[in-house]
Undergrad: 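Below is the structure I would like to discuss, written out as structure tokens.
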Amino acid sequence: MKSTITYDKKSIDNKTLIQLYKNMLKPRMIEEKMLILLRQGKISKWFSGIGQEAISVGVTMALKKEEYILPMHRNLGVFTTRKIPLNRLFSQWQGKANGFTKGRDRSFHFGTQEFNIVGMISHLGPQLGVADGIALASLLKNKKQVTAVFTGEGGTSEGDFHEALNVASVWQLPVIFCVENNGYGLSTPTKEQYRCKDIADRGKGYGMESFILDGNNILEVYSKISKLAESVRKRPRPILVEFKTFRMRGHEEASGTKYVPKELLNAWSLKDPVVNFQEYLRKENVLTEKQEVAIKEDIVHEINENLKLAYDEEAITANEATELSDVYKQFEYKHVEANSKTQELRLIDAISLGLKQSMQKHNDLVIMGQDIAEYGGVFKITEGFVKAFGKERVRNTPICESAIVEAAMGLSIAGMKAVVEMQFADFVTSGFNPVVNYLAKSHYRWNQQADVVVRMPCGAGVAAGPFHSQTNEAWFTKTPGLKVIYPAFPYDAKGLLATAIEDPNPVLFFEHKALYRSIRQEVPTDYYTLPLGKASLLKEGTDITIITYGAGVHWALHTLENNKEINADLIDLRSLQPLDTEAIYNSVKKTGKAIILQEDSLFGGIASDISALIMEHCFEHLDAPVKRVASMETPIPFINQLEDQYLAKGKFEKALKALLEY
Ligand SMILES: Cc1ncc(C[n+]2csc(CCOP(=O)(O)OP(=O)(O)O)c2C)c(N)n1
């Protein structure tokens, strides 16, 4: 049998042909070396891209070096074609400091702004939406750049794929979605992965052009992607490209290829992209035998030299302070004092005004959410924003929570700021993965800030049932890398939102729906900031410390109003992560008793952690066990009498009095 690759070099010059060859050969030869090291036990895991090099190399060479590429685990050719020094790649795989993640993440799970590469997270799909965000930034800044993002055919079954393509299409984003269809997703053959004939068929469903290319034919890949990229730069739009190729080795080296029919491997081995192209170049007299030997010698030399550099580099020593200091990007809080002019505002008005002033202050701030544009959002926070800032910066989104959080991450990678409005905090579940795995971990993993605020209209007391009433802050307070803010008053909400937007770290900003229109306060009308991580002491007393936040603050105030004889410190946390432990400890050391009130159901909520912290840090000062008061261990019911029974509000007074009497 003979190879079925038909090359057509069109007008590609000889220099470029040789460069394409060299760029494919390098990852091939690195991999061959890695396989030897793997057998010698010198590296731990390897995902092979052997047989798929033409795709990585062709796409990368078709793009300009300032254009972002988001590769996967089989795209070594992207990294090498972008000329990342090999010692840095080797150090990355060995978990050393000259890599890109300081030993914190493995293999290709890293990005580098220096080379405009944004690597994958393990979950495969999320980077597709991140590419949308990068492309959106390019569009908004009129950069005329294209973004290329990779996925395997397995990854196309994830919701992220559908959402990212849909958003890219609705917004006409300049993204080339590159699907490497290599026959298997781990052990799963394509027929068990999807039912359409070709993945490219899906383009029609998303309203975008799509193409099928021979992924083993470097000239076809390079010339077609070059043409498409040029066209997309001129007329921004998304394009879906399916590359037909084959995975010649196991999913990762340890797992083998037993389940792959031999005939398939044999047939595809005849289509090897490197060997075939080498033969073609020889036949065309573009490459002489002497040149070929010299090129290979150079690469061997480069690999060995750089491997030595990486091996000689000392291993990382674990240091707690270093690790902790990289979870968040350093943020220097700049206090902007409130002016004296105030106006009585409801919580909702204060948030709206705060958001508007941040939009005025930060030209590169984009807000995205369902129905937030002309409609003004379901709570009307963004009413009038389109008129003030235009539809480009105030973006209605399809119902694609994952892709939108991912797009916000992409905007941040491209140097912009994003605020995402969850229509209800409950719906963050549909965008949970990118919040806890992408936004939260990026800075720690590869020093990339996630300059994103997710606004979370939350909370019960509005008879809205199990899916419109939750207060789900505990899902996030336990995830390192996120900040969690939960104001109870208009003044705090406005100043804290301004700071949350200033802060380059990801912030979950909780806004209690029941307080939106019921709580009013005199609020400075101009822009001002308040520091994150500082509680506010609302009442001072000597007998007991009440610690709470959100609606709990108002429940506690109400209880104290009805029981004037109770002499309590009342702490409104305002910020749950960072948590003002100093304010808590100082108060508890003074009063000797602590009660923590939370709206969420009890188990695993932040009250439990605060209780544990008090035990650990204030035990000698305590005159009674710490008491937690929280809602029932059920989902939140709809009808008023059940909701009232569910909520912690009704249990607080009794528990407070019992603790005082202890
Ligand atoms: C959300 C998620 N589910 C499962 C996995 C485990 N997993 C890693 S790679 C992979 C196969 C991916 O197949 P495909 O997208 O076709 O890419 P390929 O490995 O073939 O290049 C699987 C199942 C994962 N990493 N993330």
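Each ligand, and each atom within it, is numbered from 1 in the order the structure gives.
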Undergrad: Relative to the heavy atoms of Ser122, which atoms of ligand 1 are at a distance of less than 4.0 Å?
TA: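 This gives 24 (C), 25 (N), 26 (N) as the contact atoms.
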Undergrad: Does the separation of the ring centres of His162 and Tyr206 fall below 6.0 angstrom?
TA: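 Yes: the rings meet the under 6.0 Å criterion.
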Undergrad: Counting non-hydrogen protein atoms only, what is the nearest one to atom 10 (C) of ligand 1? Give residue, atom name and distance.
TA: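 Result for atom 10 (C) of ligand 1: His251 CE1, 3.7 Å.
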Undergrad: Measure from the ring center of His251 to the ring center of Phe47 and say whether it is less than 6.0 Å.
TA: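 Under 6.0 Å, so yes.
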Undergrad: Is the contact between His73 and ligand 1 made by the side chain, the backbone, both, or neither, using heavy atoms and a 4.0 Å cut-off?
TA: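 Contact part for His73 vs ligand 1: side chain (C-beta onward).
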Undergrad: Parallel under 30°, tilted from 30 to 60°, perpendicular over 60°: which one fits the rings of His468 and Phe424?
TA: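 Plane angle over 60°, so perpendicular.
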Undergrad: Applying a 4.0 Å heavy-atom criterion (strictly less than), which segment of Arg74 is in contact with ligand 1: side chain, backbone, both, or neither?
TA: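 Side chain only.
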Undergrad: In the protein, what heavy atom is nearest to atom 13 (O) of ligand 1, and what distance, to one decimal place, separates them?
TA: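 Result: Gly185 CA, 3.3 Å.
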Undergrad: Where the closest heavy atom to atom 14 (P) of ligand 1 is concerned, which of Gly159, Gly125, Gly154 has it?
TA: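 The nearest heavy atom belongs to Gly154.
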Undergrad: Write out the residue and atom name of the closest protein heavy atom to atom 7 (N) of ligand 1, then the distance separating them to 0.1 Å.
TA: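 Its nearest protein heavy-atom neighbour is Leu124 CD1, 4.4 Å.
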Undergrad: Side chain, backbone, both or neither: which applies to Tyr184 and ligand 1 if a contact is any heavy-atom pair less than 4.0 Å apart?
TA: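 It is the backbone that gets close, since no side chain atom is under 4.0 Å.
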Undergrad: Parallel, tilted or perpendicular, judged at 30° and 60°: which one describes the rings of Trp46 and Trp93?
TA: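 Trp46 and Trp93: perpendicular rings.
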Undergrad: What protein heavy atom is closest to atom 6 (C) of ligand 1, reported as residue, atom name and distance in Å?
TA: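 Scanning the protein heavy atoms, the shortest distance from atom 6 (C) of ligand 1 goes to Leu186 CD1, 5.0 Å.
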Undergrad: Distance under 4.0 Å to a non-hydrogen atom of Asn182: what atoms of ligand 1 satisfy this?
TA: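 Answer, ordered by atom number: 18 (P), 20 (O), 21 (O).
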Undergrad: Is the closest side-chain donor-acceptor distance between Tyr194 and Asp201 under 3.5 Å?
TA: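 The answer is no; no qualifying pair exists.
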Undergrad: Is the shortest distance from atom 3 (N) of ligand 1 to a protein heavy atom below 4.0 Å?
TA: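 So atom 3 (N) of ligand 1 lacks protein heavy-atom neighbours under 4.0 Å.
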Undergrad: Classify the contact between Gln193 and ligand 1 as side chain, backbone, both or neither, using a heavy-atom distance cut-off of under 4.0 Å.
TA: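 Neither part.
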Undergrad: Sort out for me which residue in Phe115, Phe110, Phe150 forms a ring-ring contact (aromatic ring centres under 6.0 Å, His included) with Phe79.
TA: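 It is Phe110, the one option of Phe115, Phe110, Phe150 that forms the ring-ring contact (aromatic ring centres under 6.0 Å, His included) with Phe79.
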Undergrad: Name the one of Phe277, Tyr222, Tyr21 that satisfies ring-ring contact (aromatic ring centres under 6.0 Å, His included) with Tyr7?
TA: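 Of Phe277, Tyr222, Tyr21, ring-ring contact (aromatic ring centres under 6.0 Å, His included) with Tyr7 is met by Phe277 alone.
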